[in-house]
Amino acid sequence: MVDEITRLKKERKATIVAHNYQLPEVQDIADFVGDSLELSRKAAKTDAEVIVFCGVHFMAETAAIFSPGKTVLLPDLEAGCPMADTITGEDLRREKEKYPQATVVCYINSTAEVKAESHICCTSSNAVNLINSLDKDREVLFVPDKYLGSYVASVTGRKIYLWAGFCPIHVAIEPHHILEQKERFPQAKVLVHPECTPQVIALADEVLSTGGMIKYARESQEKLLIIGTEVGILHRLKKENPHKTFIPASEEAICPNMKKITLEKVLASLETMEPRVTVPEDLRVKAKRAVDRMLAL
Ligand code: 13P
Ligand code: SF4
């Protein structure tokens, strides 16, 4: 199957990109594996004609926002993000009426419709710097992740209005998981994703995006790390750092949507050139403004 994917990939002039939470075998056949920011940068730059996006819908949509002339394949169209789906463009328009003075910042885990209604987009790796770069006199309306939003508010001291979305996978990582692992491995450092609750964040040594965790594991001297995020990232952490030990905060932190992409579906998508993700042109142009503003920072 891997040989067939490699052959078809060449024939179709395709590139395969994968998020850090993808299944190990899917990460292993990808040309590039990364976090949301790295993947959106990659999508903005690639000269491939076809992008096979191994991730969830909003990520493929971001690739389509940058590449109207390219074919963006999402091997399973059902791979969505429940947090992104907590808010529609119409919901955001109503919310903006409540806070007309606020700058609207959307997490990249949002639909193209929501990006089109936002001033600027952010990811978990640049949210703090991005909010700090905004006019200090303006309040911020942040959608859809209330936990990433409240974390950013606590670090920056800014007034941020929050939409009540959250990631069910990260919320299921509870303080007792971290405390139990810390008791078993007292010398370990704790890394958590900012989608975790404030109670979990309070127990962490570092709050990092998935790309930030990869970098920390590579560059720090620490040999033992407790990882508070989706367990798919452990494959890459272990592969890149064979002499270090990584302990999942919770073995149950599995995003079922990320796991919908399989090698079989990657192969089928290259064979049939379906399912495709497209964004209507008027929406694409508006959504791209918010992502371009982020990438310009
Ligand atoms: P990253 O941007 O840190 O890769 O996070 C994406 C995501 O979906 C987290 O749940
Ligand atoms: Fe969405 Fe959470 Fe899955 Fe990330 S881990 S894609 S935020 S549901």
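All ligand and atom numbering here is 1-based and tracks the order in the structure. Remember, predicted model here, so these are calculated numbers, not experimental data.
Within the listing of ligand 1, atoms 1 (P), 2 (O), 3 (O) sit less than 4.0 angstrom from a heavy atom of Ser124. Within ligand 1, the atoms closer than 4.0 Å to a non-hydrogen atom of His170 are 10 (O), numbered from 1 in the order shown. Near Ser209, the atoms of ligand 1 lying under 4.0 angstrom from a non-hydrogen atom of the residue are 3 (O). Ligand-side atoms of ligand 1 in range of Thr210: 1 (P), 3 (O), 4 (O), range being under 4.0 angstrom from any heavy atom.
Within the 4.0 Å heavy-atom criterion, neither part of Glu230 lies near ligand 1. Looking at Asn20 against ligand 1, nothing comes within 4.0 Å, counting heavy atoms.
Looking at Asn132 and Thr156, their side chains never bring a donor and an acceptor atom within 3.5 Å of each other. Side-chain contact check for Tyr107 and Glu195: at least one donor-acceptor pair (N or O, by modelled atom type) lies under 3.5 Å.
Cluster membership check: Leu23 shares its hydrophobic cluster with Leu263, using side-chain heavy-atom separations under 4.5 Å among Ile, Leu, Val, Met, Phe, Trp and Tyr.
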Q: Evaluate the salt bridge (charged side-chain N to carboxylate O under 4.0 Å, His left out) criterion for residues Glu117 and Lys96: first the C-alpha distance (whole Å), next the side-chain angles of each, then the deciding distance (0.1 Å), finally the verdict.
A: CA-CA 9 Å; Glu117 290 291 331; Lys96 280 159 65 173; 2.8 Å; yes
(Q) Please evaluate residues Ile87 and Ser110 with respect to the criterion side chain to side chain contact (heavy atoms under 4.5 Å, CB included), reporting the C-alpha separation (whole Å), side-chain torsions for both, the decisive distance (0.1 Å), and the verdict. (A) CA-CA 8 Å; Ile87 183 165; Ser110 56; 5.5 Å; no
**Q.** Trace of the side chain to side chain contact (heavy atoms under 4.5 Å, CB included) decision for Lys42 with Lys45
**A.** CA-CA 5 Å; Lys42 203 77 194 164; Lys45 280 199 199 123; over 6 Å; no
(Q) Asn257 vs Asp76, test: side chain to side chain contact (heavy atoms under 4.5 Å, CB included). Steps then yes/no. (A) CA-CA 9 Å; Asn257 284 288; Asp76 186 334; over 6 Å; no
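Going from atom CG of Asp3 over to atom CD1 of Ile5 covers 9.5 Å, rounded to the nearest 0.5 Å.
Contact analysis leaves Asn257 out of contact with ligand 2, as no non-hydrogen atom separation drops below 4.0 angstrom. Put simply, no part of Cys167 is less than 4.0 Å from ligand 1, judged by heavy atoms. In this structure, Met83 has no heavy atom closer than 4.0 Å to ligand 1. Taking a 4.0 Å cut-off on heavy atoms, Glu195 registers as neighbouring ligand 2.
Asp85 is not listed as a side-chain neighbour of His57, based on a closest heavy-atom distance of 4.5 Å or more. For the pair Pro198/Tyr151, no side-chain contact is recorded, criterion being any heavy-atom separation below 4.5 Å from C-beta on. Considering only heavy atoms from C-beta on, Val52 comes within 4.5 Å of Pro75 through its side chain.
The protein heavy atom nearest to atom 8 (S) of ligand 2 is Pro82 CD, 3.5 Å. Among protein heavy atoms, the minimum distance from atom 3 (Fe) of ligand 2 is reached at Cys255 SG, 2.4 Å. Scanning all protein heavy atoms for the shortest distance to atom 1 (Fe) of ligand 2 gives Cys81 SG, 2.4 Å. Summary of contacts: the protein heavy atom closest to atom 8 (O) of ligand 1 is Asn109 ND2, 3.3 Å. Looking only at heavy atoms of the protein, atom 2 (Fe) of ligand 2 is closest to Cys167 SG, 2.3 Å. With respect to atom 6 (C) of ligand 1, the closest heavy atom belonging to the protein is Ser36 OG, 3.3 Å.
A distance-only check finds a donor-acceptor pair linking the side chain of Arg236 to the backbone of Val33 [under 3.5 Å].
Taking only non-hydrogen atoms, the option from His193, Met258, Met59, Glu195 nearest to atom 10 (O) of ligand 1 is Glu195. Here atom 4 (Fe) of ligand 2 lies nearest to Asn109 when heavy atoms of Asn109, Val171, Leu148, Thr229 are compared.
When only interatomic distances are considered, the shortest N/O to N/O separation between Thr123 and ligand 1 does not fall below 3.5 Å. On a distance-only criterion, Asp35 and ligand 1 share no N/O pair closer than 3.5 Å.
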